Amino acid sequence: MNILIIGSGGREHALAWKIAQSPLVDTVWSAPGSVAMDQIGPCFDVAADDIDGLQALALQLEPDLIVIGPEAPLALGLADLLRARGFDVFGPSKDAAQLEASKGFAKDMMARFGVPTAAYGAFTDLAKARAFLDTMNAPYVLKADGLAAGKGVVIAQTREEAESELSEMLSGKFGDASASVVIEEFMEGEEASVFVLTDGTNALTLPAVQDHKRVGEGDTGPNTGGMGAYAPAPLMTPELMATVDEEITRPMLDGMRDADMAYSGVLYIGIMVTAQGPKVVEFNCRFGDPECQALMVQTEADIVPALLSCATGGMPARDFARLLPQDDRPAPTVTVVMASEGYPGSYEKHTVIKGLKEAGEVDGVTIFHAGTGVNDAGDVVATGGRVLNVTATGATLQEAVDRAYAAVDRIDWPQGFCRRDIAWRAL
């Protein structure tokens, strides 16, 4: 098979790395890809949101499978357009991708299908939004309805802060993404990420992951796209995973199919484990980043048959469940994100990174590139906010963490930083 991956970040680098290991695969193409992904297979300079350009590229390459990494092209309907041209595509339709593209849509679907989540209201009018706050207690959860690169959630501790944030969001703080704002009750508990591979009917749940969204240690400071992750998350016991499958995964997949919006690809379920049981924080229509990096390294099985089955459907449930055999105790894996100093705010670009070869020589370590390039002198340079994903496995979670930070300490990048407490809840 020849496979085309859409995207350019650490998630896509991890997918390309894993897919290229399959004995079923000859070539892995990427668009736009990255300098690191180009070491795996040819990259084409077509942006992930260039819908026309990607269709033209697919017609030129004629891949056997197209894997769409980021959410933006899915929300724009790329999967539908490629399928209409006869391609097998891993990724949901535009209608189904609304589960991530619109927080309000997702909440309405959960209410319709009886899926447990926080009480909510969706508003475009500031006065009505303020009136809704009267029915709630602090803290208040405010979410931009649309896609905001993982940064559109604000937890306001006071009524004054909530009103100020609402005013800013409805006035364009997150652009069109916050033209509508969802206000939710605050859920007490601990979060985890559950990823489900599905063809729309059958489902295969991967080991649970816990990520770290805030920039500061101890989970403090502004939300980011993710500063680290580890799997499996011991918080999600087999009993809790069974509850998620019964009360969340199955009702959502059945409901979306019955609503003529069958969901295929990977469904990310952000879970809050509350005193009343697991509830949905949010859905994403693609692999999480950096959760994907941990899962790809952790999974020993060939993932290509699973991806292809999600794209084509028609496989009996008993066989679908065997696509990705999981060890009873998958190897603990951790990903530490190295970011440019200043992220998630403004940061300097094109700073030089050295020591990557030495870091990659630490036992059990794989380094994925989320935002790097090469300068005229041939040095690796940082080109984004989140730049490197240092991923490690170990016999224990502590060993995986120790290996990841041993690799981090070999990287010579004065303008970079990372959290030093990834996996602290489990440890």
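Keep in mind that this is a model prediction, so the values were computed, not measured.
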Tell me if a side-chain donor or acceptor on [X] pairs with a main-chain N or O of [Y] at a distance below 3.5 Å.
X	Y	answer
Arg386	Gly226	yes
Arg214	Gly221	yes
Glu291	Asp289	yes
Glu168	Lys173	no
Ser178	Met169	yes

Within-4.5 Å side-chain heavy-atom neighbours: [X] and [Y]:
X	Y	value
Trp29	Pro63	yes
Val281	Ile269	no
Val297	Leu295	no
Met236	Val244	yes

Quick test of your reading of the model: are [X] and [Y] salt-bridged, counting only N-O distances below 4.0 Å?
X	Y	result
Arg83	Asp80	no
Asp108	Lys103	no
Asp258	Arg112	no
Glu282	Lys143	no
Lys107	Glu184	yes

- Note on the structure: For Ser340, the side-chain contact (heavy atoms from CB on, under 4.5 Å) test, sequence neighbours excluded, returns Tyr347, Ala382, Val387, Trp413
- Message: For Glu247, give me all partners under side-chain contact (heavy atoms from CB on, under 4.5 Å), at least two apart in sequence or on another chain.
- Response: Pro116, Thr243
- Message: Please evaluate residues Val390 and Ile411 with respect to the criterion side chain to side chain contact (heavy atoms under 4.5 Å, CB included), reporting the C-alpha separation (whole Å), side-chain torsions for both, the decisive distance (0.1 Å), and the verdict.
- Response: CA-CA 10 Å; Val390 181; Ile411 295 173; 4.0 Å; yes
Rounded to the nearest 0.5 Å, how far does [atom2] of [Y] lie from [atom1] of [X]?
X	Y	atom1	atom2	result
Thr220	Asp421	OG1	CG	8.0 Å
Thr333	Gln298	OG1	CD	4.5 Å
Phe44	Ile6	CZ	CD1	10.5 Å
Asp219	Met227	CG	CE	11.0 Å
Leu267	Leu253	CG	CG	6.5 Å
Arg257	Thr198	CZ	OG1	8.5 Å

Check [X] against [Y] and note the closest heavy-atom contact, atom names and distance.
X	Y	value
Ser180	Thr124	CB-CG2, 3.8 Å
Glu185	Val141	O-CG2, 4.1 Å
Thr391	Ala294	CG2-CA, 4.3 Å
Ala426	Pro234	CB-CG, 3.7 Å
Ala20	Ile40	CB-CG2, 3.7 Å
Cys292	Phe287	CB-CB, 3.7 Å

- Task: Evaluate salt bridge (Lys or Arg N to Asp or Glu O under 4.0 Å) for Arg419 paired with Glu217, printing each intermediate quantity in order.
- Result: CA-CA 6 Å; Arg419 280 182 54 170; Glu217 294 182 8; over 6 Å; no
- Lys349, NZ atom: more than 12 neighbouring heavy atoms under 6.0 Å: no
- Query: Do other residues, nucleotides or ligands put more than 12 heavy atoms under 6.0 Å from the CG atom of Asn375?
  - Reply: yes
Report the residues that fulfil side chain to side chain donor-acceptor pair (under 3.5 Å) with [X], sequence neighbours left out, ordered by chain and then residue number.
X	value
Gln39	none
Thr312	none
Lys213	Asp211

Return all side-chain donor-acceptor pairs below 3.5 angstrom for residues 354-370, not counting sequence neighbours, or 'none' if the list is empty.
| unit_1 | atom_1 | unit_2 | atom_2 | d |
| --- | --- | --- | --- | --- |
| Lys357 | NZ | Glu361 | OE2 | 2.8 |
| His369 | ND1 | Thr372 | OG1 | 2.9 |

- Item | Residues that Tyr268 engages under ring pair (Phe, Tyr, Trp, His ring centres under 6.0 Å), provided they are two or more places apart | Phe195
- ring pair (Phe, Tyr, Trp, His ring centres under 6.0 Å) involving Phe123 - partner list, sequence neighbours excluded: Phe132
Donor-acceptor pairs under 3.5 Å, side chain of residues 301-310 to any protein atom, not counting sequence neighbours: which ones?
| unit_1 | atom_1 | unit_2 | atom_2 | d |
| --- | --- | --- | --- | --- |
| Asp302 | OD1 | Ser22 | OG | 3.2 |
| Asp302 | OD1 | Val304 | N | 3.0 |
| Asp302 | OD2 | Ser22 | OG | 2.8 |
| Ser309 | OG | Pro305 | O | 3.0 |

- Message: If you apply the rule side chain to side chain contact (heavy atoms under 4.5 Å, CB included), what do you find for Val381 with Val374, and how did you get there?
- Response: CA-CA 6 Å; Val381 296; Val374 176; 5.9 Å; no
- Query: Tell me the side chain to side chain donor-acceptor pair (under 3.5 Å) pairs involving residues 40-64, sequence neighbours left out?
  - Reply: Gln55-Arg85
Pairs under 3.5 angstrom only: tabulate donor-acceptor contacts from the side chains of residues 86-99 to other protein residues two or more places apart or in another chain.
| unit_1 | atom_1 | unit_2 | atom_2 | d |
| --- | --- | --- | --- | --- |
| Ser93 | OG | Ala96 | N | 3.1 |
| Gln98 | NE2 | Asp95 | O | 3.0 |

- Applying side chain to side chain contact (heavy atoms under 4.5 Å, CB included), run through Leu74 and Leu78 and close with a yes or a no. CA-CA 6 Å; Leu74 291 166; Leu78 178 61; over 6 Å; no
- Is the closest side-chain donor-acceptor distance between Glu190 and Gln210 under 3.5 Å? yes
- Query: Is there a donor-acceptor contact under 3.5 Å linking the side chains of Asp145 and Ser102?
  - Reply: yes
- Under the salt bridge (charged side-chain N to carboxylate O under 4.0 Å, His left out) test, which residues partner Arg403, sequence neighbours left out? Glu399
- Can Gln293 and His13 be said to form a side chain to side chain contact (heavy atoms under 4.5 Å, CB included), step by step? CA-CA 8 Å; Gln293 290 84 313; His13 187 194; over 6 Å; no
